[in-house]
Amino acid sequence: MDGVEAFTRRAKQARGKVKDQQALPAFRAQVRAWARGEAIPGAPAYTTGPARDWAVVWVIDVITGTGMRPHEVFALLLDDIDLDAPDPYLDVTGTLVEEKGKGTGGWVRKPAPKTDNGWRRILLPPHTVESIREAIEYLKISGHANPMGLLFPSRVGTVRNPNNFGRTWRAARGETFAWITPRTFRKGAATEVDRTYNDPERAARQLGNTTAVAKGHYIDIPETVPDNRDVLERWARGG
C-alpha cells in the first residue's frame, strides 16, 4: 500500500511482561526502604522536609493482592472491608473520577465501579491483610479528618489525588524499577492467576473485567471472585 510503512517487529520487548513477574518481591523491599528514608538507586536518603508517605507501601500490597484498578483502591471505604471474617475480604463498590469544569475541578468518589463487572468481592491474601491493618491503625493514631471513611484519604480528609500519588510512586520506584506503574501489577496479578490455573476467565474475574455469570442474579450482593490468595501471596513474597 503506497505511503504506508511495513510493520516492523520490535526487537526489544516492553517491560512488565511475564519475564518480569519475579520483580515484585524486590520491588516491595525497595519501596519499604524508600519509605523508611533510606537511599535507593535514583533517590538519595531522606534528610529534611515532609516525611515520606508510607501509604505507597500499602497501596502496592492492595493492588498486588487484589488486581484492583488504582482508582478503585483510592475509592475503598472502611465499611467495605472485613478483615475479621473467616476469609478476609473487601468489596469493590466505587472508583475515583475527575470532574473538570469551572468550579468543579478535582477528583471525586463515584459510588459504582468503572464497569458493571467491576462490582465484586475479593478474598485477601495475608500480605494484603497485613498492610490494610497497618493503614487502618495509622488512620486511628494520625487523627486526620476522614469524613468519607476512606481507607486511603488525603492528609486533609478528601479523596487522594491519583496524580499526586503518582509522583510518590515514581520517587519510590527509583531507577531500578522505573518501568513499573500501578497498572503493571494489576496486569501482573492476572498473569499469575492465569499461569497457575491456566484459566483466563478466572484471572479476568479477579480484575472485574468480564462477566462469568449473569449479573442479574447478583443484584443485592457482589459476586465473590475465586480464592486466589495463595497464588498472590507466594508471588508477593517470592516463594
Side-chain angles (χ1 to χ4, degrees), residues 54-99 106-142 144-162 165 182-183 185-186 189-190 193 202-213 215-229 232-233 236:
W54 195 270
V56 67
V57 171
W58 302 324
V59 170
I60 289 168
D61 283 353
V62 172
I63 293 176
T64 57
T66 65
M68 291 173 65
R69 299 173 177 89
H71 289 184
E72 292 173 338
V73 173
F74 295 129
L76 272 174
L77 300 176
L78 295 172
D79 287 345
D80 291 335
I81 301 169
D82 190 346
L83 302 183
D84 297 321
D87 293 310
Y89 67 87
L90 62 78
D91 291 340
V92 182
T93 65
T95 189
L96 295 193
V97 295
E98 189 174 16
E99 289 189 346
W107 292 88
V108 298
R109 184 183 189 276
K110 175 186 174 184
K114 182 178 180 181
T115 65
D116 290 342
N117 299 326
W119 193 49
R120 61 207 189 277
R121 175 165 294 176
I122 303 176
L123 303 181
L124 303 174
H127 79 279
T128 304
V129 173
E130 291 173 10
S131 278
I132 291 178
R133 287 195 188 279
E134 290 178 6
I136 292 174
E137 182 63 23
Y138 172 77
L139 289 174
K140 292 178 181 178
I141 66 177
S142 68
H144 294 323
N146 188 18
M148 298 177 63
L150 296 163
L151 177 61
F152 297 118
S154 71
R155 294 181 184 274
V156 296
T158 58
V159 296
R160 188 180 287 257
N161 187 317
F165 182 81
R183 190 176 299 275
F185 287 132
R186 171 171 157 79
V193 172
R202 183 176 184 132
R205 289 175 64 192
Q206 181 77 38
L207 301 188
N209 277 345
T210 61
T211 304
V213 294
K215 281 293 183 180
H217 296 293
Y218 293 90
I219 294 175
D220 294 326
I221 59 173
E223 179 188 356
T224 298
V225 304
D227 187 352
N228 300 314
R229 292 174 293 174
L232 300 176
E233 185 67 15

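One-based numbering along the sequence shown.
Nearest heavy-atom pair across Glu233 and Pro125 is OE1-CB, 3.7 Å. Taking all atoms of both residues into account, the shortest heavy-atom contact from Gly65 to Thr128 is CA-OG1, 3.2 Å. The two residues Asp84 and Arg133 make their nearest non-hydrogen contact at OD1-NH2, 3.4 Å. Shown here for Arg120 and Met68, the closest heavy-atom pair between the two residues is NH2-CA, 3.8 Å. Taking all atoms of both residues into account, the shortest heavy-atom contact from Ala189 to Gly67 is CB-CA, 3.9 Å. The two residues Ala55 and Arg160 make their nearest non-hydrogen contact at CB-NH2, 3.7 Å.
Side chains of Val159 and Met148 form a contact here, defined as non-hydrogen atoms less than 4.5 Å apart. Glu72 has its side chain out of reach of Thr66: every pair of non-hydrogen atoms, C-beta onward, lies at least 4.5 Å apart. In this structure, Val108 and Val97 have side chains that are in contact, with non-hydrogen atoms separated by less than 4.5 Å. Phe165 places a side-chain heavy atom less than 4.5 Å from the side chain of Val56. Looking only at side-chain heavy atoms (C-beta outward), Ile122 and Tyr89 stay at 4.5 Å or farther from each other. When side chains are defined from C-beta on, Pro182 counts as touching Ile63, because their heavy atoms get closer than 4.5 Å. Under the 4.5 Å side-chain criterion, counting only non-hydrogen atoms from C-beta, Asp61 is not in contact with Val59. Looking at heavy atoms from C-beta onward, Pro162 lies out of side-chain contact with Glu98 at the 4.5 angstrom threshold.
Atom CZ of Phe74 and atom OG of Ser154 lie 11.5 Å apart (nearest 0.5 Å). Rounded to the nearest 0.5 angstrom, Arg155 CZ and His144 NE2 are separated by 6.0 Å. In this structure, the separation between CG on Asp87 and CG on Leu123 is 5.5 Å, given to the nearest 0.5 Å.
Arg109 places a side-chain N or O within donor-acceptor distance of the main-chain N or O of Ala75, the cut-off being under 3.5 Å.
Checked against salt bridge (Lys or Arg N to Asp or Glu O under 4.0 Å), Asp79 has no partners two or more places apart in sequence or in another chain. With sequence neighbours left out, the side-chain contact (heavy atoms from CB on, under 4.5 Å) criterion links Leu139 to Leu78, Asn146, Pro153. For Glu134, the salt bridge (Lys or Arg N to Asp or Glu O under 4.0 Å) test picks out no residue, with sequence neighbours left out.
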Notebook entry, point to check: Step by step, would you call Trp119 with Thr93 a side-chain contact (heavy atoms from CB on, under 4.5 Å)?
Noted result: CA-CA 6 Å; Trp119 193 49; Thr93 65; 3.8 Å; yes
Check: side-chain contact (heavy atoms from CB on, under 4.5 Å) between Leu77 and Leu150: does it pass, once the steps are laid out?
Finding: CA-CA 4 Å; Leu77 300 176; Leu150 296 163; 3.8 Å; yes
Walk me through it: do Tyr138 and Trp58 pass the test side-chain contact (heavy atoms from CB on, under 4.5 Å)? CA-CA 11 Å; Tyr138 172 77; Trp58 302 324; 3.6 Å; yes
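The side chain to side chain contact (heavy atoms under 4.5 Å, CB included) with Leu90 is formed by just one residue from the set Asp80, Leu76, Val129, Leu151; it is Leu76.
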